[in-house]
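Numbering of residues begins at 1 and proceeds along the displayed sequence. The shown structure was predicted, so the numbers you read here are calculated from the model rather than taken from an experiment.
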Amino acid sequence: HALISSRLSQLGSGTATVTLGPAELDGGEQFSLQLVVRNFLGMASAPYSVAMQRASMPVPIISISAPPLLTFPVTGVVRLSGQAEIAPCYSPTGDSSAYIQFAWSHAASSGNTSAAPLELDAASRSLRDLVVKGSSLRPNVIYTLRVTGCMLSDLSVCGRVETKVALRD
């Protein structure tokens, strides 16, 4: 508790993200953090609490090789590639993806939300690379796609990331 409080007290007012390392989180399986934000006038926000449990092994860092919003024509086909970065002790060959089970899902839609949910390509939705056909998208809809990557040795240890796709006008 003291290490975390000390570290947070040293941060400047413009700090948006804090990463706590093994030294701050040593000696526990469950953690509960409470955040209270104070402005320069001394006014405090309502407390925001979050509880988390330590994973049984390092969580893979998942990314997608694509811009935050990928647009393409209705006649186009794109391949979204999921990438994984895991602790070096789990990937002696350097190929992290060999130790990860990937799964793609349609997380949300915005815009013309009366459109039917996006049906992901059945052949590739459980692979590292997802094929998306422009003909499967609807105009004026932005689709949020999520890839989840779980450690093959413990499928409860997962990382995830999202990107958006839409038809180009």
Side-chain angles (χ1 to χ4, degrees), residues 8 11-20 31-40 43-55 57-87 91 95-152 154-169:
L8 294 176
L11 297 174
S13 62
T15 305
T17 303
V18 177
T19 302
L20 299 174
F31 304 94
S32 178
L33 301 175
Q34 186 176 55
L35 176 67
V36 176
V37 178
R38 296 186 194 282
N39 67 15
F40 69 96
M43 306 259 320
S45 68
Y48 180 80
S49 297
V50 63
M52 61 196 94
Q53 186 156 342
R54 185 185 302 267
M57 62 179 49
V59 175
I61 299 169
I62 306 299
S63 60
I64 300 172
S65 296
L69 174 60
L70 177 64
T71 60
F72 57 101
V74 70
T75 58
V77 176
V78 298
R79 182 178 303 273
L80 296 174
S81 183
Q83 307 292 321
E85 183 181 327
I86 60 175
S91 62
D95 181 14
S96 297
S97 297
Y99 298 89
I100 301 292
Q101 177 177 312
F102 290 94
W104 290 86
S105 59
H106 171 216
S109 298
S110 61
N112 179 8
T113 56
S114 64
L118 177 62
E119 290 293 327
L120 297 181
D121 178 63
S124 65
R125 68 178 172 220
S126 60
L127 302 175
R128 186 181 104 170
D129 296 342
L130 176 70
V131 174
V132 181
K133 297 177 182 177
S135 60
S136 69
L137 306 180
R138 299 292 167 250
N140 304 316
V141 178
I142 297 175
Y143 298 93
T144 301
L145 302 180
R146 176 182 301 140
V147 63
T148 301
C150 300
M151 296 293 293
L152 283 172
D154 185 345
L155 295 176
S156 70
V157 179
C158 304
R160 59 193 51 81
V161 69
E162 297 176 349
T163 193
K164 297 178 186 312
V165 296
L167 287 177
R168 187 178 308 138
D169 290 336

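Counting heavy atoms from C-beta outward, Leu167 and Arg138 have side chains that stay 4.5 Å or more apart. Side-chain contact between Ser124 and Asp129: absent, with no pair of heavy atoms (C-beta onward) separated by less than 4.5 Å. In this structure, Ser81 and Arg128 have side chains that are in contact, with non-hydrogen atoms separated by less than 4.5 Å. The side-chain heavy atoms of Leu80 and Thr163, taken from C-beta on, include a pair separated by under 4.5 Å. Val132 has its side chain within reach of Leu145: a pair of non-hydrogen atoms, C-beta onward, lies under 4.5 Å apart. Side-chain atoms of Val77 and Lys133, non-hydrogen and from C-beta on, do get closer than 4.5 Å to each other. Residues Ile86 and Pro58 have side chains not in contact (no heavy-atom distance under 4.5 Å, counting atoms from C-beta outward).
Using modelled atom types, no side-chain atom of Arg146 and backbone atom of Ser105 make a donor-acceptor pair closer than 3.5 Å.
Residue Glu119 places its CD atom among 12 or fewer non-hydrogen atoms of other residues, nucleotides or ligands, all under 6.0 Å distant.
Of all heavy-atom pairs between Gly149 and Pro60, the closest is O-CG, 3.4 Å. Listed here is the closest heavy atom pair of Phe102 and Leu127: CB-O, 3.5 Å. Scanning all heavy atoms of the two residues, the minimum distance from Ile64 to Glu162 falls at CD1-C, 4.0 Å. What you find for Tyr143 and Ser109 is that their closest heavy atoms are CD2-OG, 3.5 Å. A pairwise comparison of heavy atoms in Ala44 and Val36 identifies CB-CG1, 3.8 Å as the closest pair.
Interatomic distance, Leu155 CG to Thr148 OG1, rounded to the nearest 0.5 Å: 12.0 Å. Rounding to the nearest 0.5 Å gives a distance of 8.0 Å between CD1 of Ile100 and SG of Cys150. Rounded to the nearest 0.5 angstrom, Trp104 CH2 and Arg160 CZ are separated by 13.5 Å. Note: Leu130 CG to His106 NE2 = 11.5 Å, rounded to the nearest 0.5 Å. Atom-to-atom distance recorded for Met151:CE and Ser156:OG is 10.5 Å, nearest 0.5 angstrom. Going from atom CD of Gln83 over to atom CD1 of Ile61 covers 13.0 Å, rounded to the nearest 0.5 Å.
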(request) Before giving the answer on side-chain contact (heavy atoms from CB on, under 4.5 Å), spell out for Leu137 and Val74 the whole-Å C-alpha distance, their side-chain angles and the decisive distance to 0.1 Å. (result) CA-CA 7 Å; Leu137 306 180; Val74 70; over 6 Å; no
